[in-house]
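I have placed the structure first, in the form of structure tokens, so that the comments after it can refer back to it.
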Amino acid sequence: DRLLRHVVSRATESDLYGSDSIILRGYLSELVEANNYIRGASVENAKGRMVFASQSGPMPVHALASRGAIEAFRAQPDSAIYIDESRPNPDGGGMLLGFSRPIKDPAGALLGVATVFANIEHFQRYLQAVTVEHGASAGILRADGMPMARHPPVVNPSAQALDGLRARIGRFVRGDYPQEPGKPILEPSVFKDGDVLIRMQNIAHYPLIAIVSRDVGEALTPWRQQSYSVIGRTLALTIAALAVLWWLASALRRQDTARAMLRASEERFGVAVAGSRDGIWDWEITSDRLFISPRAQALLGLPPGDELRPREEWITTIQRHPDDRAAYRAAMVALRDGHTEHIDMEFRARCGEGEWRWFRQRGVALRDVNGRAFRMAGSLEEISDRKRVERERERLEMQLRQAQKLEAMGTLAGGIAHDFNNILGAVLGYSEMAMRSAEEGTRLKRDLDNIIVAANRGKALVDRLLAFSRSGMGD
């Protein structure tokens, strides 16, 4: 149409029958050669006689198109454009479509028409490009229902089909077509069996109508597929939900069973702890809270209270003997850090200003996959009575060892006394024999007397030793 407007403008400003006709002919030829979708152009006077045409223009087609255009412009003087019906190209190469605009003088009188012929294949390619969905078709028609181009093309449509199409276009032109803005309507197809979804629209400034349609079956196929997919997903989700519910029900049953078993285990544990002489302690390392059973609190001399408290509160409540604190802390740290598998230690403790009492504490540690302890637990036993018994036994053992030492000393002293008594007997015997030959008043006499006195004193000492070893005075 832009090319046609150029032709009309040049023809209006030129002398159609004078020297300008040669220039116009050359101008038309250049326009046709420059546009590959234009097959020819011509100018006819008001009587339908060709004034000039492009050199390659198909002459019979020009005559037919211009005749129809002149009749249309005379019938409707206000018409600005006339679109001819499609005609075969005499030179071959498909169908041609003629577009004509009137050439008027300043007073509005019709001087002639300018006609440009376009190859319908150009419109076919455009419609093919925009018709991408399967089962869809697009077409361009004149306002009187005459088809111009369609994709996919309909080969040899029946007269009944064309009449139905014209009737449908006529209803649309008259405003009787029940079409809402932006929505297609459902109509029977005029070219084949079945229903189609149709949408029509006027092409602004041209006596043309664009029509787009699609088979209902093809249009609903994605919806059906989506519906099937949704149904399939819904069934799958339903089955999955039922499976999850079954699994949850099974898990709840297992959980209830586990809870019942746990309650039974806790009851057994509580009965065992209540019936045991030992107390129980449990340290949650992550929360640093320490559990001490009622029995353990009673053993420590504490009044009944909360069993689970922060560990620092228990530390300030329970005093450990200063001599035992370092060893106790070292044992607990060694168990927590994994240096030992269990602890078994004894320490002294008291509450308030009470007496120091002895306790035996045993325990193990629970560890995570990385080997870090997250819980330590064990038992607490008071061993004060055992410690008193042990001290008494140690005292008696010490006395026994002392008595045994004294007995050994007595035995040794008796043996020595016997041997010494024999020696003294010899001394006394020889001294008495020497006294017989010693004169009175002599130094020898005096020395022998002293020897006899000393020997008798030694004999008296030996008698005392023998008496000591026999009497058991060492006890």
Side-chain angles (χ1 to χ4, degrees), residues 1-2 4 37-39 61 64-65 67-69 71-73 75-76 78-89 94-101 115-133 135-216 218-219:
D1 187 41
R2 288 195 298 269
L4 186 59
Y37 56 88
I38 300 299
R39 305 301 298 170
V61 178
L64 293 174
R67 187 180 301 115
E71 293 176 356
F73 292 139
Q76 296 180 352
D78 295 335
S79 297
I81 188 170
Y82 172 78
I83 301 175
D84 190 30
E85 63 183 73
S86 58
R87 302 179 185 276
N89 187 355
M95 304 292 287
L96 298 179
L97 192 60
F99 294 81
S100 300
R101 279 189 175 274
T115 303
V116 171
F117 289 90
N119 196 330
I120 287 184
E121 292 182 357
H122 170 71
F123 298 96
Q124 294 289 130
R125 287 193 296 270
Y126 167 74
L127 295 176
Q128 183 179 4
V130 300
T131 309
V132 295
E133 294 182 340
S137 64
I140 300 176
L141 302 91
R142 292 195 317 192
D144 60 358
M146 178 62 69
M148 292 175 51
R150 186 182 189 274
H151 180 81
V154 178
V155 180
N156 299 323
S158 65
Q160 182 180 0
L162 293 177
D163 291 341
L165 181 60
R166 290 191 186 96
R168 185 170 294 168
I169 297 299
R171 291 164 52 203
F172 176 76
V173 172
R174 293 191 303 271
D176 298 335
Y177 206 65
Q179 178 175 269
E180 297 181 13
K183 295 182 180 180
I185 65 172
L186 183 65
E187 289 275 12
S189 175
V190 298
F191 295 113
K192 58 182 179 180
D193 296 333
D195 295 334
V196 292
L197 295 170
I198 298 177
R199 177 73 184 172
M200 289 185 286
Q201 183 71 41
N202 288 313
I203 299 178
H205 310 298
Y206 298 97
L208 298 174
I209 298 173
I211 181 170
V212 177
S213 65
R214 192 178 186 193
D215 293 342
V216 173
E218 295 293 341

Rounded to the nearest 0.5 Å, what's the gap from CZ on Arg142 to CG on Leu97? Could you check? 8.5 Å

Residues which pass side-chain contact (heavy atoms from CB on, under 4.5 Å) with Ala118, listed by chain and number, not counting sequence neighbours: Ile38, Phe99, Phe123

Could you list all the salt bridge (Lys or Arg N to Asp or Glu O under 4.0 Å) pairs where at least one residue sits in residues 204-214, not counting sequence neighbours? Glu133-Arg214

Compare every heavy atom of Leu127 with every heavy atom of Ala138, then report the nearest pair and how far apart it is. O-CD1, 3.6 Å

CG of Leu197 to OG of Ser213, rounded to nearest 0.5 Å, is 9.0 Å

With sequence neighbours left out, which residue pairs that include part of residues 200-210 fulfil the side chain to side chain donor-acceptor pair (under 3.5 Å) condition? Asp1-Tyr206

Are the side chains of Gln76 and Tyr82 in touch, meaning some heavy atoms are under 4.5 Å apart? no

Ile140 versus Ile209: any side-chain heavy-atom pair under 4.5 Å? no

Check whether any side-chain heavy atom of Ile83 sits under 4.5 Å from a side-chain heavy atom of Leu208, and report yes or no. yes

Contact check, side chains of Ile81 and Pro207, non-hydrogen atoms, under 4.5 Å: yes

Locate the shortest heavy-atom distance separating Ile203 from Ala210; write the atom from each residue and the value. CG1-N, 4.1 Å

Just by modelled atom types, is the Ala80 backbone N or O under 3.5 Å from a matching donor or acceptor in the Arg101 side chain? yes

